[in-house]
Structures are given as structure tokens and as C-alpha cells.
**Student:** 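Following this message is one structure expressed as C-alpha cells.
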Amino acid sequence: MSKALFEYVLRLGDDSLILGQRLSEWCGHGPILEEDIATTNIALDLIGQATTLLEYAAHLEGKKRSADELAFLRIDREYKNLLLVEQENGDFGKTIMRQFLFDAYRKLLFEKLLSSSDEHLAAIAEKSLKETKYHLKHSSEWVIRLGDGTEESHERVQDSLNELWRYTGELFFEDEVDTELKGSGVIPDVSDIQDKWNELVMNVLAEATLTIPNDNWQFDGGRVGKHSEHLGYLLSVMQYMQRAYPNMEW
Amino acid sequence: MKEIDLAELERDFQAKIDADIKIEPKDWMPDEYRKTLIRQISQHAHSEVVGMLPEGNWITRAPSLRRKAVLLAKVQDEAGHGLYLYSATETLGADREQTIDDLHSGKAKYSSIFNYPTLTWADMGAIGWLVDGAAIMNQVPLCRCSYGPYARAMVRVCKEESFHQRQGFEIMSKLANGTPQQKEMAQDALNRFWWPALMMFGPNDAESKHTAQSMKWKIKRHTNDELRQQFIDISVPQAKLIGLSIPDPDLKFNEKTGHYESGEINWDEFWQVVEGNGPCNKDRVDTRRRAKENGQWVREAANAYAEKRRIRKKAS
């Protein structure tokens with residue numbers, strides 16, 4: 001089981017890591033100072049979650065790799081994050097929409113993981129859930145504000161929703177890793193989360209006067225290491241120091 | 001107002017300052033005192049906000065998860081300091097938007113140190129250690145500044161700055177004790193940031209046009225040269241401790257005075273950077289201006305939504 005669990009924890013850790021990395025690109029460039037602080041704070045929470053999750057993954061793997069080695073020294077195909085989180089920031093509305101779609105999923109997932117048969121994972125979920133609830137509150141409020149704000153903001157954030165919607169199917173991706181862990185009560189049934197996610201997302205989008213696109217084509221591949229072109233660039237930046245100065249302590 | 005009243009108000013005001021009684025927003029104060037504070041506090045606020053950029057430049061490239069988290073936390077603190085300080089200028093009647101526009105138009109200044117580029121990871125160490133170190137030297141006395149809201153903001157700011165300074169020194173010390181390549185990176189950062197850090201205290205006392213009045217009003221408690229000397233005396237032994245050398249061939253310790261004597265600061269460079277000719281002046285201001293421009297539709301949306309809510313609430 002520990003191989004499947006390693007894979008699963010790695011997936012969650014990579015989601016936090018890559019989204020935290022993306023959000024940190026905003027630092028110093030936010031639309032208002034208060035949002036600069038909020039975005040940086042969420043990035044900080046996500047890097048914190050990534051650290052805890054990747055430390056646990058490293059422990060499960062048992063190959064003496066550290067969390068930092070997992071974070072900085074894998075190749076593109078070995079990252080298991082969702083395609084959604086590696087998408088470029090775009091404007092503030094796109095960043096918020098990406099965050100909202102992810103936060104809604106993350107909150108529901110962590111709530112279910114509280115009762116995981118794996119105690120360590122349950123403890124991580126408990127700690128992360130508190131932060132994630134705040135993230136979701138923040139991103140939902142902004143989706144509503146932008147959707148129901150001005151004509152321009154409505155149009156921009158609707159475009160972002162149309163673009164990002166194609167990456168939401170992957171939130172509920174399942175393969176043999178999930179099947180194995182579900183059997184032993186480590187992780188919840190994904191369909192349960194999916195229904196709640198649909199309800200939560202639809203409610204917020206309705207209040208924001210936004211509609212989901214008709215074109216419902218969905219991409220996946222992130223969970224098995226088949227990414228969009230964006231990830232390679234993100235990794236080249238993120239891994240720069242570790243690659244340029246190998247085997248050093250910082 | 002009659003002239004006699006004004007003279008009396010001024011006398012009472014100075015008497016309060018002399019008795020170390022804080023001046024609060026609603027108290028009477030001379031126009032010049034108000035102007036001086038607005039100028040100084042808004043420059044300070046701008047420095048915090050522009051100061052996010054040189055360090056923000058390395059967040060995405062931080063070499064470990066821990067360093068990335070610490071740097072994010074530090075830069076977030078700086079944005080927070082910017083917010084308190086803009087609020088402090090508002091207590092004096094300044095308009096936040098106008099204050100920020102003055103930065104973008106080049107009318108308002110900010111600390112010149114942020115017009116130097118951050119070229120390597122070691123610059124994160126040098127900035128924390130030296131730049132935040134120099135900022136603390138300047139800011140600790142401001143906790144006793146005569147204007148209440150500024151003094152109180154500084155108490156909180158200084159607590160966080162001392163964490164920033166420690167994390168910077170820790171980065172430097174780790175590099176200085178690391179591989180030869182890391183040590184070289186640290187020395188190079190020290191070479192580039194030492195002199196600009198000394199310039200952070202401003203011109204020599206003889207050249208400083210605001211010092212005398214600011215000291216009389218207890219906005220300022222020490223002269224530029226006194227603070228600079230204090231900074232040198234503290235920093236030189238710290239550099240020695242981690243095996244780095246200060247890039248000043250004239251630096252020597254005077255046994256009699258107990259102080260380090262340093263070489264001459266390149267004041268031409270200082271004034272050039274103040275006048276806008278530093279390596280990053282244009283980039284920094286452009287970046288801030290773009291952030292504001294790109295965020296305009298977001299702020300408009302937030303206002304429009306708030307207005308809609310207000311109307312809906314009224315209707316229901």
C-alpha cells in the first residue's frame with residue numbers, strides 16, 4: 001500500500017507546490033496592496049502544505065530523498081500535479097478563478113480526509129483544512145465581486161472560466177492508485193466529492209452571474225505526469241538554484 | 001487666526017514635544033510639522049512597497065522550500081508595513097491614492113537602496129542583513145517619535161524587521177560557511193550592497209537639510225552620521241564573524257574612540273541614484289505603475305459590486 005500512498009501524497013503535495021509557486025509570481029504586482037498580502041499569504045500556506053506533504057511522501061518512499069529533493073530535483077514527467085494548477089496566472093481574474101475551482105475541491109477533499117484510516121494523512125488534512133476554508137472564502141468572494149462587478153470584469157472572468165473549465169474534470173481523476181487506497185479507507189470515494197463540488201461551484205457561479213461553458217471537453221494527464229507546456233518553464237525557474245549549484249545546503 | 005494665537009499654539013505644541021507628550025491626529029500641529037511627517041512617512045511607505053520587488057525577484061527561485069516560505073513571509077510583512085504607514089499618512093490628512101500617484105509620477109522618493117538589482121540568491125542574505133539592519137537602526141528611534149500613530153506603527157514594524165535582519169544574516173552565514181562557490185557569492189553580494197547600505201542613512205550631517213528641524217520636533221532623534229557610525233560598528237564584527245571582508249580598504253578601528261573609521265562614501269553615486277539614474281529606478285517605478293494600471297478593472301469591479309450590494313440592501 002505504501003507505494004500507492006506515496007503516489008497519492010505526492011499528487012497532493014505537487015498540487016500545493018505548483019500552485020504556491022504560481023501564486024508567488026504575483027508578489028509585488030497585485031491590483032491593491034491588500035490583495036498582494038492575501039495572495040502572498042495563500043502562497044505561503046500552500047508552500048507550507050507542500051512541505052508537510054512532500055516530507056510525508058519522502059518518508060513513505062523510504063529512499064532517503066528529502067522533501068526538497070522531491071520538490072526541486074525531479075524531471076517534468078515525475079510531477080503529478082493537476083493541469084489546472086500549472087496554468088499561467090493571466091490577469092487577476094484568471095488567478096482567482098483557478099484558485100476558486102481548486103479551493104472548492106481541496107476543501108471538500110480535506111474534509112473527507114479527516115476520517116482517513118491513515119492517521120498521518122488525516123492530521124495533515126486537519127491542519128490544511130483550516131487554511132483552505134479561508135482560501136475558499138477569499139476566492140469565492142472575489143469570483144462573485146468580479147462576476148457581478150462591471151461589464152468588463154464580468155467578461156474577463158467569464159473568459160477565464162471558459163478557459164479553465166476544461167481542467168476541472170481532472171480534479172476527479174481516478175486510477176489504480178485511488179482504487180487501492182479507497183479499498184483500505186485511506187481516501188474517500190471521489191464521486192461523493194464531485195457532487196458536492198458541483199453544487200458548491202454552481203452556487204457561487206450563479207451568484208456571480210457566470211455560466212459554465214457549453215463546450216465540455218476535458219483534459220487530463222497531470223496525475224500521470226503528462227503536463228501542459230507551461231510546467232516546464234515553471235520548473236526551470238523553480239529548480240534553477242538546485243540545478244545550477246548541485247549538492248549544496250542553503 | 002490671529003497672529004498671537006498662532007504663536008501661542010506653536011509654543012504649546014513645542015512644550016508638549018519637549019515634555020515627550022505624543023502628538024495625536026486631532027491635536028493642533030504646525031503645517032510644516034504635518035508636511036514633514038507626510039513626506040517622511042509616505043517615503044517610508046513607498047520604500048516598503050517598492051522594497052518588495054528586489055526580494056520578490058527571488059521568491060520563485062528560492063533554493064529550498066524553507067527559504068521560499070521565509071522569503072514569502074518577509075515580503076508579505078513588507079506589504080503590511082506599507083499598509084500601516086499609508087494609514088498613518090491618512091491620519092495626517094493625506095490621500096492614499098494621491099500619495100501612491102506621487103510615487104508613480106516620480107514626485108515622491110523612496111529609499112534608493114531598492115534601485116540596485118538583486119543578481120544572486122546571496123543578495124537575499126545581504127539585503128536582510130544590511131538593508132534591514134540599516135532600516136532597524138533608522139527605525140528603532142522612530143518608536144519614540146513625537147507623532148503617536150507613526151511611533152506606534154514603528155513598534156510593530158521594528159519587531160518584524162529584526163526577524164528579517166536575522167534571516168538575512170542566517171542566509172549569509174550559511175553561504176559564507178558553505179562551498180567556495182557559495183562563499184564567493186556571499187562576498188560578491190556584500191561587495192555590492194555595503195556602500196549602498198551606508199548611503200541609506202542619507203547625506204552627511206552638514207549636507208542634511210531636514211535634520212535640525214526634525215530633531216527639534218523629535219521626529220528624528222539622531223543625526224545621519226551618528227546612525228551610520230552605529231551601523232558600521234555593529235556590522236563590521238558581524239562580517240568578521242562569518243569570515244567575509246568589508247569592501248573598504250580604508251576601514252580601520254580607532255582604539256581611542258572605540259569606533260571604526262571608514263573610507264569616503266561615493267556621494268556622486270548617491271545623488272545619481274536619488275535623481276533617478278540608479279540601475280533599477282525606472283524598472284521599479286514602472287512595475288508599481290503597471291501593477292496599479294493592470295489592477296484598475298479589479299478595483300472598479302469591487303467598487304461597482306459594493307455599490308450594487310448597497311442598493312440591493314436598501315431595496316430589501
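Proteins get letters first, then strands, A, B, ... in listed order; numbering begins at 1 in each.
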**Student:** What pair of heavy atoms forms the shortest contact from Q76(B) to T40(A), and how long is it?
**Tutor:** CB-CG2, 3.8 Å
**Student:** To the nearest 0.5 Å, tell me how far L33(A) CG sits from I100(B) CD1.
**Tutor:** 7.0 Å
**Student:** What are the two closest non-hydrogen atoms of Y240(A) and W58(B), and how far apart are they?
**Tutor:** CE2-CH2, 4.0 Å
**Student:** Kindly give the heavy-atom pair with the smallest separation between P31(A) and G295(B), and that separation in Å.
**Tutor:** CB-CA, 3.5 Å
**Student:** If you look at every heavy atom in L44(A) and A69(B), which pair is closest and at what distance?
**Tutor:** CD1-O, 3.1 Å
**Student:** Taking side chain as everything from C-beta outward and backbone as N, CA, C, O, which of these in A62(B) sits under 4.5 Å from a heavy atom of chain A? Side chain, backbone, both or neither.
**Tutor:** backbone
**Student:** If you round to the nearest 0.5 Å, how far is CD of E152(A) from CD of Q296(B)?
**Tutor:** 8.5 Å
**Student:** Which bit of T179(B) is near chain A, if near means a heavy-atom gap under 4.5 Å: side chain, backbone, both or neither?
**Tutor:** side chain
**Student:** For F72(A), is it the side chain, the backbone, both, or neither that has a heavy atom closer than 4.5 Å to a heavy atom of chain B?
**Tutor:** side chain
**Student:** Just verifying a value: how many Å separate M185(B) CE and M248(A) CE, rounded to the nearest 0.5 Å?
**Tutor:** 7.5 Å
**Student:** Sort V298(B) into side chain, backbone, both or neither according to what part of it lies under 4.5 angstrom from a heavy atom of chain A.
**Tutor:** both
**Student:** V50(B) versus chain A, heavy atoms under 4.5 Å apart: side chain, backbone, both or neither?
**Tutor:** neither
**Student:** Could you look at R299(B) and say if it's the side chain, the backbone, both or neither that has a heavy atom under 4.5 Å from chain A?
**Tutor:** side chain
**Student:** Should W297(B) and R156(A) count as side-chain neighbours, where that means a heavy-atom distance under 4.5 Å?
**Tutor:** yes
**Student:** Relative to chain A, which segment of L65(B) carries a heavy atom at a distance below 4.5 Å: side chain, backbone, both, or neither?
**Tutor:** both
**Student:** Could you tell me which of P63(B), G56(B), A79(B) has the largest number of non-hydrogen atom pairs under 4.5 Å with chain A?
**Tutor:** P63(B)
**Student:** Do the side chains of D68(A) and K68(B) get close enough for a salt bridge, i.e. N-O under 4.0 angstrom?
**Tutor:** no
**Student:** Quick one: what part of W26(A) sits under 4.5 Å from any heavy atom of chain B, side chain, backbone, both or neither?
**Tutor:** neither
**Student:** Under a 4.5 Å heavy-atom cutoff, which of Q182(B), E293(B), R290(B) has the most pairs with chain A?
**Tutor:** Q182(B)
**Student:** What part of L53(B) is in contact with chain A, defined as an atom under 4.5 angstrom from a non-hydrogen atom: side chain, backbone, both or neither?
**Tutor:** side chain
**Student:** Roughly how far, to the nearest 0.5 Å, is CZ of R61(B) from OG of S236(A)?
**Tutor:** 12.0 Å
**Student:** When you measure from the side chain of R288(B) to the backbone of G28(A), do you find a donor-acceptor pair of N or O atoms at a distance under 3.5 Å?
**Tutor:** yes
**Student:** Please classify the contact between E249(A) and chain B as side chain, backbone, both or neither, with a heavy-atom cut-off of under 4.5 Å.
**Tutor:** both
**Student:** By a 4.5 Å heavy-atom criterion (distance strictly below it), what part of R96(B) contacts chain A: side chain, backbone, both, or neither?
**Tutor:** side chain
**Student:** What part of I144(A) lies closer than 4.5 angstrom to a heavy atom of chain B: side chain, backbone, both or neither?
**Tutor:** both
**Student:** Counting only heavy atoms closer than 4.5 Å, note whether D36(A) contacts chain B via side chain, backbone, both or neither.
**Tutor:** side chain
**Student:** Of M238(A), R22(A), Q21(A), which is the lone residue that meets side-chain contact (heavy atoms from CB on, under 4.5 Å) with T60(B)?
**Tutor:** Q21(A)
**Student:** For A43(A), is it the side chain, the backbone, both or neither that has a heavy atom under 4.5 Å from a heavy atom of chain B?
**Tutor:** both
**Student:** So among L71(B), L72(B), I59(B), V70(B), which one has a side-chain contact (heavy atoms from CB on, under 4.5 Å) with I47(A)?
**Tutor:** L72(B)
**Student:** Of all heavy-atom pairs between K174(B) and W250(A), which one has the smallest distance, and what is that distance?
**Tutor:** CG-C, 3.7 Å
